[in-house]
Asker: 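Could you have a look at this structure, given as structure tokens, before my questions?
Below, chain A is the first sequence line, B the second, and so on; all start at residue 1.
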Amino acid sequence: MNYFPDEVLEHVFDFVASHRDRNAVSLVCRLWHRVERLSRQRVFVGNCYALSPEILIARFPGLKSLTLKGKPHFADFNLVPHDWGGYVQPWIEALSNSRIGLEELRLKRMVVSDESLELLSRSFANFKSLVLVSCEGFTTVGLAAIAANCRFLRELDLQENEIDDHSGHWLSCFPDSCTSLISLNFALPLETLQNILMRAPQLVDLGTGSYIHDPDSETYNKLKHTILKCKSIRNLSGFLEVAPRCLPAIYPICLNLTSLNLSYAAGIHGSELVKLIRRCAKLQRLWILDCIGDKGLEVVASTCKELQELRVFPSDVLGVGHAAVTENGLVAISAGCPKLHSLLYFCQQMTNAALIVVAKNCPNFIRFRLCILEPTKPDPVTMQPLDDGFGAIVQSCKHLRRLSLSGLLTDRVFLYIGMYAEQLEMLSVAFAGDSDKGMLYVLNGCKKLRKLEIRDCPYGDKALLTDVGKYETMRSLWMSSCEVTLGGCKTLAKEMPRLNVEIINEHDQMEIGSEEQRVEKMYLYRTLVGPRKDAPEFVWTL
Amino acid sequence: MAFDKELNLEATELRLGLPGTKESEKQPTIAIKSNKRALPNFNEESCGSKENSNASHLIQKRDQEIASPAKAQVVGWPPVRSYRKNCLQLKKMEAEAAGMYVKVSMDGAPYLRKIDLKVYKGYPELLKALEEMFKFSAGEYSEREGYNGSEFVPTYEDKDGDWMLVGDVPWDMFLCSCKRLRIMKGSEAKGLGCAV
């Protein structure tokens with residue numbers, strides 16, 4: 001291939017879209033590495049501390065779209081202290097000082113300040129798309145800068161961020177005509193909803209956050225008329241405060257909806273939800289609360305034949321009440337929705353028999369995340385652990401990439417996972433297993449494992465240290481409330497200098513700690529740039 | 001104020017906490033979402049201390065529930081994002097505190113009453129409460145004949161503005177559609193299935 005001009009190679013590489021394939025391409029030879037990196041436009045950085053902005057900019061001068069992830073996944077559940085890190089500011093500064101023409105920025109679990117957003121809005125003339133998921137640190141002041149300064153903004157997607165100010169005034173900073181805007185995914189109050197829709201009638205994605213309590217009021221009529229104009233809407237989310245009697249206003253667009261997020265609509269009863277869903281035959285993605293019940297899920301199964309992704313969240317978030325869905329709802333879904341490949345399911349209980357049926361009905365699962373609300377709950381019918389049920393899932397679903405376990409589990413489930421889950425990339429484990437063998441089965445067997453997160457399991461130094469080289473093939477490992485000791489972590493850090501082994505020490509126990517002392521929280525990840533300089537006091541990089 | 005100690009107002013204060021618990025002193029630090037609704041009217045039957053605003057009362061109650069030792073709370077479990085937890089928890093508190101108050105009128109009575117439908121688990125409880133409040137008897141309910149053996153019939157106005165017999169639809173559906181209640185006198189209620 002040496003006699004092909006670079007342009008030809010570049011043209012061929014254009015057909016290679018996924019960043020993983022492009023990474024593979026870049027390893028073939030120096031020539032390919034050079035051509036690939038100069039033509040690469042989209043880059044995915046799964047851990048912002050694995051490299052520095054300078055390295056990124058030097059390698060990919062043609063960068064247009066950057067995805068960055070910061071905190072470990074368990075930070076979502078309050079297991080990582082505030083101020084741990086994950087700041088986007090250095091990245092935006094470095095990019096703005098370079099000649100990179102950034103057009104898209106997607107951030108997950110990062111700290112984003114108003115200053116960062118303002119700098120972003122002023123630095124890139126062609127900036128088109130901002131996606132912030134589970135981020136924090138900014139207010140509507142920063143969002144106003146984005147709305148006002150990014151003339152070509154097409155997409156603004158804000159999901160589950162901690163934003164301090166909920167006033168809608170920043171939305172008026174959008175220019176009079178945002179013909180480029182096709183996606184606004186966050187809660188919009190009704191008055192601003194109408195305003196935006198007048199300026200951007202071609203919207204495809206829409207979030208709503210209106211409060212409407214009286215269906216005969218003018219507000220309801222306004223909503224009805226506003227919605228009728230939105231023939232293009234395919235994705236709908238929000239409903240934070242809509243009273244159930246106002247749902248019929250949404251009916252006209254249900255037929256075209258491919259994505260519906262009702263997971264914040266706590267005030268809507270199961271029967272009303274079902275009436276709405278019956279009209280959404282084209283749904284591919286549904287996020288819902290468990291108050292829909294098993295019966296409601298049966299309706300979903302019979303209506304939504306195109307369903308690919310389902311998430312059922314608990315309406316009782318303290319987790320001590322009774323979830324309204326059981327294994328029956330899941331079995332119904334698996335029988336009725338043949339295209340289902342992604343699942344997140346919070347439920348009261350699960351049986352091995354049900355999991356075996358689900359595995360048979362849906363061999364195409366890519367993501368399977370099951371959360372039985374009560375930790376270590378066994379199969380309620382047989383009182384057995386759920387090893388066989390999950391074993392059936394991994395054996396049947398040959399393309400499974402992500403798995404979250406729950407319920408009563410022994411080492412045996414990990415034996416199955418190590419044996420069968422050949423494509424598994426991410427595994428989440430809590431309150432499971434009997435001995436180090438469990439973790440070792442997984443580390444030995446899952447060749448494609450990239451992220452492993454474990455909490456409250458009896459794995460210690462033996463499991464941690466048996467195959468230290470493995471961790472350089474992975475993005476990260478999280479272990480909290482396990483049996484690993486300070487000595488074990490120190491040994492690991494010493495043997496593997498290209499890993500950052502961070503101990504999160506919240507209570508000052510480690511100051512004069514002995515080697516045998518248990519480590520409460522450990523997070524390790526591979527990196528090109530050594531220990532990070534922005535670590536707070538309570539994070540100790542060994 | 002000085003005379004508080006003598007009058008022991010604390011002992012008679014109505015609060016949202018369980019009897020015997022003391023409300024926590026510390027102020028909540030979590031940002032409260034803006035509540036566009038006007039404060040609901042608390043009549044004398046519900047709790048409310050004059051000093052506390054609606055929202056901070058709710059946050060204190062939530063803090064109490066979260067700290068309650070009676071329920072075994074595991075940190076970070078269930079694995080639900082704090083953003084989602086906060087949203088749903090706040091909504092739940094608002095809904096519980098606000099209640100679902102509807103007017104109740106009775107033919108012949110000089111003034112109306114108001115009741116919170118949310119406190120009742122179903123029709124039997126609701127009817128019993130109405131009977132006690134207005135001193136009447138509703139009789140036996142059957143799907144075919146309505147209320148048998150009574151001069152008075154409980155009815156409600158639904159969201160379409162129609163007057164319906166209480167008891168025909170499932171309780172949840174009734175909660176969603178009931179705008180007000182009216183206890184009709186038998187002679188007027190003939191069409192609704194009152195077998196007098």
Asker: Is any side-chain heavy atom of B:Pro79 closer than 4.5 Å to one of A:Cys371?
Answerer: yes
Asker: Might you point out which heavy atoms bring B:Tyr83 and A:Glu160 nearest each other, and give the distance in Å?
Answerer: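 Scanning both residues, the minimum pair turns out to be CD2-CA, 3.5 Å.
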Asker: If you count the non-hydrogen atoms of other residues, nucleotides and ligands that lie under 6.0 Å from CD in B:Glu140, is the total more than 12?
Answerer: no
Asker: If you take all heavy atoms of A:Arg455 and B:Gly76, which pair is closest and at what distance?
Answerer: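 So the two residues come closest at NH1-O, 3.3 Å.
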Asker: So, the side chain of B:Arg84 versus the backbone of A:Ser263: is there a donor-acceptor pair under 3.5 Å, distance only?
Answerer: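 Yes; at least one donor-acceptor contact below 3.5 Å.
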Asker: Side-chain atoms of residues 71-80 of chain A: list all donor-acceptor pairs with protein atoms under 3.5 Å, sequence neighbours left out, distances to 0.1 Å.
Answerer:
{"from": "A:Lys71", "atom 1": "NZ", "to": "A:Glu136", "atom 2": "OE2", "distance (Å)": "2.5"}
{"from": "A:His73", "atom 1": "ND1", "to": "A:Glu453", "atom 2": "OE1", "distance (Å)": "3.2"}
{"from": "A:His73", "atom 1": "ND1", "to": "A:Glu453", "atom 2": "OE2", "distance (Å)": "2.6"}
{"from": "A:Asp76", "atom 1": "OD1", "to": "A:Ser134", "atom 2": "OG", "distance (Å)": "2.8"}
{"from": "A:Asp76", "atom 1": "OD2", "to": "A:Arg109", "atom 2": "NH1", "distance (Å)": "2.7"}
{"from": "A:Asp76", "atom 1": "OD2", "to": "B:Arg81", "atom 2": "NE", "distance (Å)": "2.9"}
{"from": "A:Asp76", "atom 1": "OD2", "to": "B:Arg81", "atom 2": "NH2", "distance (Å)": "3.4"}
{"from": "A:Asn78", "atom 1": "OD1", "to": "B:Ser82", "atom 2": "OG", "distance (Å)": "3.4"}

Asker: More than 12 non-hydrogen atoms from neighbouring residues, nucleotides or ligands closer than 6.0 Å to NZ on A:Lys377, yes or no?
Answerer: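 Yes - once you tally the heavy atoms of other residues, nucleotides and ligands closer than 6.0 Å, there are more than 12.
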Asker: Please find the pair of heavy atoms, one from A:Ile372 and one from B:Trp77, that lie closest to each other, and give the distance.
Answerer: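 Taking A:Ile372 first and B:Trp77 second, the nearest heavy atoms are O-CZ2, 3.7 Å.
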Asker: Nearest heavy-atom pair of B:Val74 and A:Phe431: which atoms, and what distance?
Answerer: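 Distance-wise, the nearest heavy atoms are CG1-CZ, 3.7 Å.
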Asker: For the OG atom of A:Ser271 and the CE atom of B:Met173, what is their distance to the nearest 0.5 Å?
Answerer: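 That separation rounds to 5.5 Å.
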